[in-house]
Amino acid sequence: MNLLLKETKRMPLSSALPFSSLQSSKAFLDSESFYDTLLRCCNALTTLKQIHSSLATSGFIVQSPHLGAQIIIKYSKYGDPISAKSLFLDLRGPNSFLWNTMIRAYANGGHPFETLELYLLMRRTGIAPNNYTFPFVLKACASKSLTLFGKLVHGDAIRTGFDSDIFVEAALVDMYAKCGQTEDGRRVFDRMPRRDLVCWTAMITAYEQAERPQQSLILFHQMQQQGLSADSVTVVSVASAVGQLGDAKRAQSVHAYAVRNAFLEDVCVGNSIIAMYAKCGNVENARLVFDRMKERDGISWNSILSGYTQNGEASEALLLFDHMQVSECKPNPVTALIMVSACAYLGSQHLGRKIHKFIIDSKTGIDITLWNTLMDMYAKCGNLDTAIEMFNDRHPSERNVSSWNVLISGYGMHGHGKEALKIFSQMQEEGVEPNHITFTSILSACSHAGLIDEGRKCFADMKKLSVTPEVKHYACMVDMLGRAGLLYEAFDLIKEMPSPPNDGVWGALLLACRIHGNTELGKIAANNLFQLEPEHTGYYVLMSNIYAASSKWHEVGKLREDMKSRGLRKPAAFSVIEFGKEVHGFHTADQLNPYSREVYRKVEGLAVEMKMAGYVPDLSCVLHDVEEEDKQQILNYHSEKLAVAFGIMKIDPEMAIQVTKNLRVCNDCHSAFKFISYIYRRKIIVRDANRFHHFEGGTCSCKDYW
DNA sequence: ATAGGGTTAG
């Protein structure tokens, strides 16, 4: 043993030598070619470090730039530029190749700042950068969005004449794109005399990343006209662009293109096609692609799972999640995030807890993002207390803006506007800067609670905190003013908007017109909506509601005809209630639930009891022009009433009855639940498409303001 | 001897 150690000390590298015959000559052992051979055979970082230290003591490196370069190249291969750095600095007058090698080691090893530092040192030393240098340096600028540095490097490229090298140009386009300066990139692109596929793809990707999918597709078209055909990288970008457009028809043609050229062999292409279909609302085709994939990775699974969640088929996602667990791909933290969101969408606390437990058991760790999503899930499943506890369980230094945002929106959706405002100022006191999502949350919290003055103040404060009001913030304001009956103030705000109002803005106004029975503004809002979203059934229904409330049956009929001719049908109302481990769903007037006979009897009984307590059915909630008696029957069978009736029969009297509905809760049901909460002394919690209603002792937490 | 374009969640 001792002998061996001695041996190693004297001849540290002999054991790494593959050719024993090479050891014979003393002269050879000290020669450059000996170390060269050694380096060529070296295949581990530890061996490389041994060779390095041996060379350093023998003083070889300084004499032989070739060996120095080999070591630096090797270090960069093993992703250890730090070890290469000191060697590099010891070298006397490294040439530009060595500089490039060192810069590359940093750039590819994920050390952008060190890359740039070295580049500056290179400039100061007076070594000229060349066509190889720029792509590495530009990549570093791109990865940290360092626009100014990027422009400086661009200037250097122009001065040295390398700005017309096709590799440098492609890197410039990419750098400007990643720095958010798409048009600067476009100028470089336009001035190129010759463009290959990589340059086109870089520009197509640039527009896609800038969320300008139309431009991406125009360029893709132009590229094909130039006689260039796409490869799988291009197709991935084009698929993302089509996904952003949400154009289902184009999605099919991109899919067909990918099939024709056998690009689906590439897993990435398959994944991006799945995501594209999901964003275009065609999750069925996404599933077909997923099912036909020869190989799937975690991203394939996550894409299809989130596809289902995005398209309102969260229960399908939960089914597929079970398949995933027995597949060769195990759930990762992103999967966890998707599944928690799926439970939040369903409003199912039982499933949410199950997933939460799964995450804890799988020990993959819960980062702050997942923690925030879990908080959000609990809030959306009606359990605001757990969300608050989870917020407090996290050390202040671990919380990020999203943690605060989730808490604010949680308070908001449960109608606690004052608390939301308190949290909003607390976060600012703690030095957390509000972002655009914070303002969406706080404005909608003010809206739910009818806190008009506070809301106006927050909206005005946005600019002070250098957050530019976006269309969605205007939508919140219109919603807030509109609900409060300030319809014309809301309309004036729309007219002042710097960018054209979208469906969210007009939708908020339309809803407000329904609450306050304003046909005039309602018509304006509806006409805009029919143009923007001709396929969206909800708006036809809302407008019909407005007409029905003032008995304009002729207009109601016209709208119904209009819907029919477009092939639209009112989405079925659906309410869900959890009973132990069972989840029970109720459609209006369906007989599918095993308890439906009991539930129907109960609901009719409830109507009688409520009437004795003073309840008057709100017949304006029935859209059809039918007999009064039929209207009462239709109201009784609303899905949320069926679910609540079920709850009264089955759920432990000590526990709250919690119901989730896919659409907004109707006026009549809202009034009925106040009576039921009083008569039966029960807490009823209803989550509708918009917010939570907590009924207790004859009142609702929304104070009839929703 | 060295180089440029890519996918999932919120």
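Predicted, not measured: the structure shown is a model, and the values here were computed from it. Reminder, nothing fancy here: chain letters follow the sequence lines and each chain counts from 1. Only this structure's heavy atoms are used, side chains among them; waters, hydrogens and symmetry mates stay out.
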*Between Y106(A) and F88(A), is the ring centre distance below 6.0 Å?*
no

_Base contacts versus sugar-phosphate-only contacts with protein, heavy atoms under 4.0 Å: please encode nucleotides 2-8 of chain B as B, S and - from 5' to 3'._
BBBBBBB

*Which of residues 363-373 of chain A have a heavy atom under 4.0 Å from DNA chain B?*
none

*Please check if atom CD in E295(A) has more than 12 non-hydrogen atoms from other residues, nucleotides or ligands closer than 6.0 Å.*
no

*Hey, would you say the W404(A) and F391(A) ring centroids sit under 6.0 Å apart?*
yes

_Heavy atoms from other residues, nucleotides or ligands near CD of Q222(A) exceed 12 (cutoff 6.0 Å)_ = yes

*Do other residues, nucleotides or ligands put more than 12 heavy atoms under 6.0 Å from K144(A) NZ?*
no

*Quick one: sort the Y257(A) and F263(A) rings into parallel, tilted or perpendicular, breaks at 30° and 60°.*
tilted

*Name the orientation class of the two ring planes belonging to H436(A) and H473(A) (parallel below 30°, tilted from 30 to 60°, perpendicular beyond 60°).*
perpendicular

